> 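One structure, as structure tokens, below. Some questions next.
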Number of protein chains: 2
Amino acid sequence: MSGDRPRIRAAGRTRGVPEATVARLPVYLRALHALADTGCDTVSSEELAVAAGVNSAKLRKDLSHLGSYGTRGVGYEVSLLVDQISRALGLTQRWAVVLVGVGNLGHALAGYAGFASRGFRIAALFDADAERVGERIAGLDIRHIDDLDRVVEEEQVSIGVISTPSAAAQEVADRLVEAGVTSILNFAPCVLQVPDGVDVRKVDLALELQILSFHEQRKADIAKGPHGVNGTAINGTMKGGAVTPLPAPRVDDAREVVGQ
Amino acid sequence: MSGDRPRIRAAGRTRGVPEATVARLPVYLRALHALADTGCDTVSSEELAVAAGVNSAKLRKDLSHLGSYGTRGVGYEVSLLVDQISRALGLTQRWAVVLVGVGNLGHALAGYAGFASRGFRIAALFDADAERVGERIAGLDIRHIDDLDRVVEEEQVSIGVISTPSAAAQEVADRLVEAGVTSILNFAPCVLQVPDGVDVRKVDLALELQILSFHEQRKADIAKGPHGVNGTAINGTMKGGAVTPLPAPRVDDAREVVGQ
DNA sequence: ATTTGTGAAAATATTCACAGCG
DNA sequence: CGCTGTGAATATTTTCACAAAT
């Protein structure tokens with residue numbers, strides 16, 4: 001993801017780890033930590049694959065991109081694999097991140113223990129609302145966005161999290177980039193424009209539900225038996241009651257990423 | 001996504017919309033709504049593609065899976081496209097969802113306006129903590145998890161959102177499935193085991209940061225100039241060596257999806 | 001005996017580039 | 001003309017299946 005940036009190539013051979021693999025490494029890492037916590041020293045690709053929810057061939061292929069860290073006939077040493085995946089992901093250092101937008105969601109993110117436990121340190125919280133500056137959340141003072149440059153430099157921040165309303169997100173992204181941030185995690189439901197060299201990943205809460213909606217509908221259609229001429233067919237009643245003949249409701253959205 | 005389920009096929013031809021396309025439809029829908037709000041009646045694939053952050057060939061191919069709704073030489077009528085995508089995604093009905101786990105994140109999700117504005121209605125909030133039952137959040141009473149079955153049936157709920165601690169997530173998923181839910185959005189950083197026919201999508205906040213970490217590291221390496229002979233290369237000890245001075249930090253994680 | 005690591009095959013996804021329609 | 005819709009060409013990802021290693 002991260003836009004449609006082409007992978008770097010060297011002499012015709014694709015260099016580095018495939019993007020699809022990168023996206024799964026954190027899942028393996030999670031599974032390995034869980035295994036380690038149960039006192040497990042070694043795992044087979046099959047066991048780890050089950051724990052990670054993928055098939056074992058895929059897991060082995062993925063790991064093979066990092067090097068050859070298994071023992072044939074035995075499996076993988078958990079702690080070694082944890083180290084290698086951590087290294088591959090760049091988690092041997094603790095990244096400083098700034099979080100911009102301390103609304104409903106930003107508040108929750110600020111308190112998210114998973115960030116700290118998985119390699120990240122929130123260096124500062126920012127909000128544009130002068131009212132909220134100085135407020136203390138999760139042990140951190142909310143600072144004004146105008147301090148961004150200074151903090152990013154002083155704390156060597158390279159990752160920014162945006163949890164502002166959509167309307168503010170692009171402006172915040174610009175300021176983050178300007179300040180020197182080169183990776184952005186965007187929770188605002190909008191597309192960000194950033195220069196080359198800056199990576200953006202997005203998390204869109206409702207989008208995931210909409211994907212589930214698609215599959216729900218498909219399941220309902222199948223249960224009802226293929227009818228209509230071309231698949232999508234007429235939408236009758238089935239589960240979910242309100243068979244709105246009309247398109248999805250629309251309420252003013254651009255307000256807040258999270259907020260009532 | 002949603003496990004490794006094979007697409008349904010009919011008579012050799014792949015029936016339905018490719019998964020990659022489904023995942024982008026909500027993005028197009030968002031962009032179209034934004035365009036509509038600016039009073040735009042028609043868009044070209046190029047314009048919409050820019051607004052959605054994809055390339056225009058991909059956009060056209062994606063839309064072609066829904067049917068032929070554009071006009072050559074002109075573009076797409078915004079409102080028609082909104083209708084067609086909404087229909088394809090199953091958003092012509094308003095889905096009822098239940099949310100289980102009203103911690104820090106669950107609280108934020110309960111108040112998320114984007115759910116309501118994009119086709120979903122939170123039918124009820126649940127928590128296992130008896131202390132919190134009865135508490136009112138975002139206009140909804142927190143109910144005890146034991147009421148789940150009743151609510152799911154009465155309100156025709158087919159989608160569940162899990163925002164409990166990891167440790168509780170599987171148990172909650174089991175109860176959701178048992179109650180009749182067939183789609184789950186999981187915010188707990190763990191893999192869920194569900195029967196065939198149930199779709200799961202996950203959102204893992206820290207995972208996204210870890211992916212960014214990978215790319216940050218790569219950028220840093222490149223900036224420092226390629227060293228070592230073949231890229232990742234020379235990590236001193238091949239195999240076996242904990243070459244890392246220190247692996248990623250580890251703190252008790254399994255506590256809460258969000259919470260300090 | 002097992003289980004890894006991996007070529008080769010199959011399936012998906014993306015991009016190109018242009019015929020064809022309005 | 002301009003722009004869509006789509007075959008054909010690429011690229012990427014997944015899966016198979018087995019030789020090699022312990």
Side-chain angles (χ1 to χ4, degrees), chain A residues 1-10 12-25 27-28 40-78 80-81 84, chain B residues 1-9 12-25 27-28 40-78 80-81 84-85 232 238-240:
Chain A
M1 311 303 156
S2 279
D4 295 312
R5 178 178 35 71
R7 180 111 10 81
I8 283 181
R9 286 160 170 288
R13 259 272 280 127
T14 299
R15 276 257 22 88
V17 185
E19 193 57 36
T21 296
V22 172
R24 282 187 295 264
L25 291 178
V27 179
Y28 303 152
C40 196
D41 286 350
T42 59
V43 262
S44 67
S45 62
E46 183 57 37
E47 292 167 318
L48 182 53
V50 168
V54 301
N55 95 15
S56 63
K58 192 190 282 183
L59 170 67
R60 288 199 301 279
K61 180 78 87 181
D62 282 341
L63 294 183
S64 77
H65 291 293
L66 309 192
S68 199
Y69 299 115
T71 308
R72 289 167 198 238
V74 178
Y76 301 88
E77 191 193 327
V78 173
L80 173 62
L81 212 43
Q84 293 305 333
Chain B
M1 313 297 153
S2 282
D4 294 311
R5 179 179 33 71
R7 180 113 10 83
I8 281 181
R9 284 159 173 288
R13 258 273 280 128
T14 298
R15 275 258 18 89
V17 185
E19 192 57 34
T21 296
V22 172
R24 281 187 295 263
L25 291 179
V27 179
Y28 303 152
C40 196
D41 286 350
T42 59
V43 261
S44 68
S45 62
E46 184 57 37
E47 293 167 318
L48 182 53
V50 168
V54 302
N55 97 16
S56 63
K58 191 189 282 183
L59 170 67
R60 288 199 302 276
K61 180 79 86 179
D62 282 342
L63 294 184
S64 77
H65 291 293
L66 310 191
S68 199
Y69 299 115
T71 308
R72 291 169 197 238
V74 179
Y76 302 89
E77 192 193 326
V78 172
L80 173 61
L81 212 42
Q84 293 305 332
I85 295 179
T232 313
M238 196 59 179
K239 191 117 187 181

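A quick note: this is a predicted structure, and the numbers were derived from the prediction, not measured. Reminder, nothing fancy here: chain letters follow the sequence lines and each chain counts from 1.
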> Can you check the A/Leu80 CG to C/dT4 P distance for me, whole Å?
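Nearest whole value for this atom pair: 14 Å.
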> Answer yes or no: is there a side-chain heavy-atom contact under 4.5 Å between B/Val78 and B/Leu48?
no
> Run the side-chain contact (heavy atoms from CB on, under 4.5 Å) check on A/Arg60 and A/Ser64 step by step: do they pass?
CA-CA 6 Å; A/Arg60 288 199 301 279; A/Ser64 77; over 6 Å; no
> May I ask you to test the A/Thr42-A/Tyr76 pair for a side-chain heavy-atom distance under 4.5 Å?
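Heavy-atom side-chain distance check fails, nothing below 4.5 Å.
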> Would you mind telling me which residue lines up with the more 5' stretch of DNA chain D, B/Leu63 or A/Arg24, judged by nearest nucleotide?
B/Leu63
> Is there a side-chain contact between A/Arg24 and A/Val54, using heavy atoms and a 4.5 Å cut-off?
yes
> Distance check needed: D/dT14 C1' versus A/Asn55 CG, whole Å only.
8 Å
> Would you compute the distance between atom OG of B/Ser56 and atom CG of B/Leu63 and round it to the nearest 0.5 angstrom?
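Output value for this atom pair is 11.0 Å.
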> Looking at the side chain of A/Lys58, which of D/dT13, D/dT15, D/dG7 is the nearest nucleotide?
D/dT15
> Compare the minimum distances between each of D/dT13, D/dT15, C/dT3 and the side chain of A/Glu19, then state the nucleotide with the smallest one.
D/dT13
> Choose from C/dA17, D/dT15, D/dT13 the nucleotide whose nearest atom is closest to any side-chain atom of A/Pro18.
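So the nucleotide nearest the side chain must be D/dT13.
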> Figure out the NE2/P separation between A/His65 and D/dT12, and round it to whole Å.
12 Å
> Expressed as a whole number of angstroms, how long is the span from B/Lys61:NZ to D/dT4:C1'?
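After rounding, the gap between these two atoms is 12 Å.
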> Measure the shortest side-chain to side-chain distance between A/Leu59 and A/Tyr28 over non-hydrogen atoms and say whether it is less than 4.5 angstrom.
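The answer is yes; the side chains approach within 4.5 Å.
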> Tell me whether the OP1 or OP2 atom of D/dT4 has a side-chain N or O from B/Ser45 closer than 4.0 Å.
yes
> List in numerical order all residues of residues 68-77 of chain B for which some heavy atom is under 4.0 Å away from an atom belonging to DNA chain C.
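Heavy-atom contacts with DNA chain C come from B/Thr71, B/Arg72.
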> May I have the distance from A/Leu48 (atom CG) to C/dT2 (atom P), rounded to whole angstrom?
20 Å
> Looking only at side-chain atoms of A/Arg60, point me to the closest of C/dG7, C/dT14, D/dA17.
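Ranking C/dG7, C/dT14, D/dA17 by closest atom to the A/Arg60 side chain puts D/dA17 first.
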> Return the value, rounded to whole Å, for the distance between atom CD of A/Glu46 and atom P of D/dC16.
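Between P of D/dC16 and CD of A/Glu46: 12 Å.
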> Of all residues at least two apart in sequence or in a different chain, which pass the side-chain hydrogen bond (donor to acceptor under 3.5 Å, both in side chains) check with B/Ser44?
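Partners of B/Ser44 under the side-chain hydrogen bond (donor to acceptor under 3.5 Å, both in side chains) test: B/Glu47.
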